[in-house]
Number of protein chains: 2
Amino acid sequence: MAEPLDPDMFAGCPPVAAPVRIGDKWTAKIIRCLESGARRFTEIQAPLRGITPKVLTESLRAMERDGLLTRTPYEEIPPRVEYELTDLGRSLLEPMNAGCEWSRKHLAELMHARETWHAATP
Amino acid sequence: MAEPLDPDMFAGCPPVAAPVRIGDKWTAKIIRCLESGARRFTEIQAPLRGITPKVLTESLRAMERDGLLTRTPYEEIPPRVEYELTDLGRSLLEPMNAGCEWSRKHLAELMHARETWHAATP
DNA sequence: CAGAATCCGGTTCGATACTG
DNA sequence: CAGTATCGAACCGGATTCTG
């Protein structure tokens with residue numbers, strides 16, 4: 001869990017690449033960020049390319065409310081807050097992996113169908 | 001495929017019960033409707049409780065565009081159109097089943113966490 | 001029967017600026 | 001560092017009405 005997150009870890013995952021979605025737009029990626037252990041706010045923010053603090057906070061709060069992760073603030077200056085997956089949150093990795101495997105196998109086919117679509121319409 | 005669809009087949013699947021989503025709001029349910037064979041527009045519409053023709057058309061067109069199903073109109077009066085899953089569309093059943101299994105196992109836990117949330121905030 | 005056309009409201013998401 | 005506050009745009013999804 002000490003390893004820093006690769007800022008480009010989601011380079012190959014544009015929104016279009018997710019016909020299988022977990023929760024809202026960011027939930028699945030946040031779970032991936034926490035897969036290898038607890039992380040701080042800015043650590044999670046980095047790979048999520050351009051997510052605003054507001055939206056990240058909203059997503060994290062919703063996930064905390066649903067019991068997917070825990071939020072533990074430390075009374076320090078400067079402040080430090082750590083987010084960590086619960087067992088429930090970790091259990092989502094299973095359907096997530098099924099979705100990822102589907103994308104790896106079939107997404108190219110879907111994208112191809114989508115692109116050749118305009119060829120056959122008035 | 002001759003069996004009519006149960007109009008209540010999605011009674012236990014409110015939107016809140018789908019932290020794992022396939023495509024848009026209706027895609028997964030439409031796939032379920034077509035799982036056992038080709039269906040007509042109104043056949044699909046019935047179990048989808050209150051979906052408007054506009055939204056159903058949009059969903060079906062998007063799925064056709066993505067190669068998930070085929071649309072075959074018959075030149076009759078009154079008109080008849082049949083929708084049928086492609087192999088690609090059928091392949092989505094695998095991640096869908098993974099998502100359904102997760103819900104069966106863990107959704108109650110998530111809902112419980114969500115409800116007991118307000119007990120611990122100022 | 002299987003839709004098309006039009007209008008509309010809510011939620012989601014983001015940009016920007018500010019703070020303990 | 002880890003947020004909050006405000007504003008606004010975009011994107012579904014839905015209601016209603018009409019038609020070949």
Side-chain angles (χ1 to χ4, degrees), chain A residues 4-5 7 10 13-16 18-19 21-30 33-34 38-66 69-84 121-122, chain B residues 4-5 7 10 13-19 21-30 33-34 38-66 69-84 114 121-122:
Chain A
L5 292 174
F10 297 120
C13 304
V16 68
R21 274 179 59 163
I22 309 286
D24 74 348
K25 184 176 178 181
W26 301 102
T27 303
K29 289 179 179 178
I30 292 173
C33 289
L34 300 178
R39 298 285 181 182
R40 306 179 59 169
F41 190 88
T42 44
E43 276 188 294
I44 302 171
Q45 194 178 19
L48 266 34
R49 289 298 154 118
I51 191 176
T52 62
K54 177 203 159 200
V55 173
L56 180 54
T57 300
E58 284 172 357
S59 299
L60 289 169
R61 291 287 197 278
M63 293 173 71
E64 187 191 4
R65 169 176 57 83
D66 285 351
L69 52 76
T70 59
R71 175 180 181 275
T72 62
Y74 297 86
E75 299 296 332
E76 306 174 0
I77 304 287
R80 180 166 59 98
V81 179
E82 285 197 341
Y83 296 91
E84 189 166 16
T121 46
Chain B
L5 292 173
F10 297 120
C13 303
V16 68
R21 274 179 58 163
I22 309 286
D24 74 349
K25 184 176 179 183
W26 301 103
T27 303
K29 290 180 178 178
I30 291 171
C33 288
L34 300 178
R39 298 284 181 183
R40 307 179 57 169
F41 190 88
T42 43
E43 275 188 294
I44 302 171
Q45 194 178 18
L48 267 35
R49 289 300 155 115
I51 191 177
T52 61
K54 176 206 158 196
V55 174
L56 180 54
T57 300
E58 283 172 357
S59 299
L60 289 169
R61 290 286 196 279
M63 293 173 71
E64 187 191 6
R65 171 177 55 85
D66 285 351
L69 51 76
T70 58
R71 174 181 181 274
T72 62
Y74 296 86
E75 299 297 332
E76 305 173 359
I77 305 285
R80 180 166 59 99
V81 179
E82 285 196 342
Y83 296 91
E84 189 167 17
R114 187 177 292 188
T121 44

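Letters go in sequence order (proteins before strands), and every chain restarts at 1.
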Subject >> Side chain proximity check, Leu69(B) to Tyr83(B), heavy atoms < 4.5 angstrom >> reply: yes
Original post:
Between dG3(C) and Arg71(B), is there an OP1 or OP2 to side-chain N/O distance shorter than 4.0 Å?
Top reply: yes
Original post:
Within the pair Arg61(B) and dA2(C), is there a side-chain N or O less than 4.0 Å away from OP1 or OP2?
Top reply: no
Original post:
Nearest to the side chain of Thr42(B) - dC1(C), dA2(C), dC1(D)?
Top reply: dA2(C)
Subject >> Non-hydrogen atoms of Arg39(B) and Pro4(B) that approach each other most closely >> reply: NH1-CA, 4.0 Å
Subject >> Contact pattern, 5' to 3', of nucleotides 9-20 of chain C - B, S or - by protein heavy atom under 4.0 Å >> reply: ----BBB----B
**OP:** Over all heavy atoms of both residues, which pair between Leu34(B) and Ile44(B) is shortest? Give the atoms and the distance, please.
**Re:** CD2-CD1, 3.9 Å
**OP:** Write down the distance between NZ (Lys29(B)) and C1' (dG13(D)), rounded to a whole number of angstrom.
**Re:** 13 Å
**OP:** Could you check Thr57(A) against Pro78(A) and say which one's nearest nucleotide on DNA chain D is further toward the 5' end?
**Re:** Pro78(A)
**OP:** Starting at atom CD of Gln45(B), determine the distance to atom C1' of dG3(C), rounded to an integer number of angstrom.
**Re:** 10 Å
**OP:** Please check the phosphate of dA2(D) (OP1 and OP2 only) for any side-chain N or O of Arg40(A) closer than 4.0 Å.
**Re:** yes
**OP:** Grab the CZ-C1' distance between Phe41(A) and dA2(D) for me, whole Å please.
**Re:** 6 Å
Subject >> Whole-Å gap separating P (dA2(C)) and CD1 (Ile44(B)) >> reply: 9 Å
**OP:** Answer whether the closest heavy-atom distance between the side chains of Gln45(B) and Thr42(B) falls below 4.5 Å.
**Re:** yes
Original post:
Quick one: are Thr57(A) and Phe41(A) in side-chain contact, heavy atoms under 4.5 Å?
Top reply: yes
**OP:** Rounded to the nearest angstrom, tell me the gap between atom CD in Glu75(B) and atom C1' in dA2(C).
**Re:** 12 Å
Original post:
Is the closest side-chain heavy-atom distance between Cys33(B) and Phe10(B) below 4.5 Å?
Top reply: yes
**OP:** Describe the nucleic acid contact of Tyr83(B) in one word from base, sugar-phosphate, nothing, applying a heavy-atom distance below 4.0 Å.
**Re:** sugar-phosphate
Original post:
CG of Leu56(B) versus P of dC1(C): gap in Å, rounded?
Top reply: 14 Å
**OP:** Please tell me if the side chains of Ile30(B) and Met63(B) come closer than 4.5 Å, counting only heavy atoms from C-beta onward.
**Re:** yes
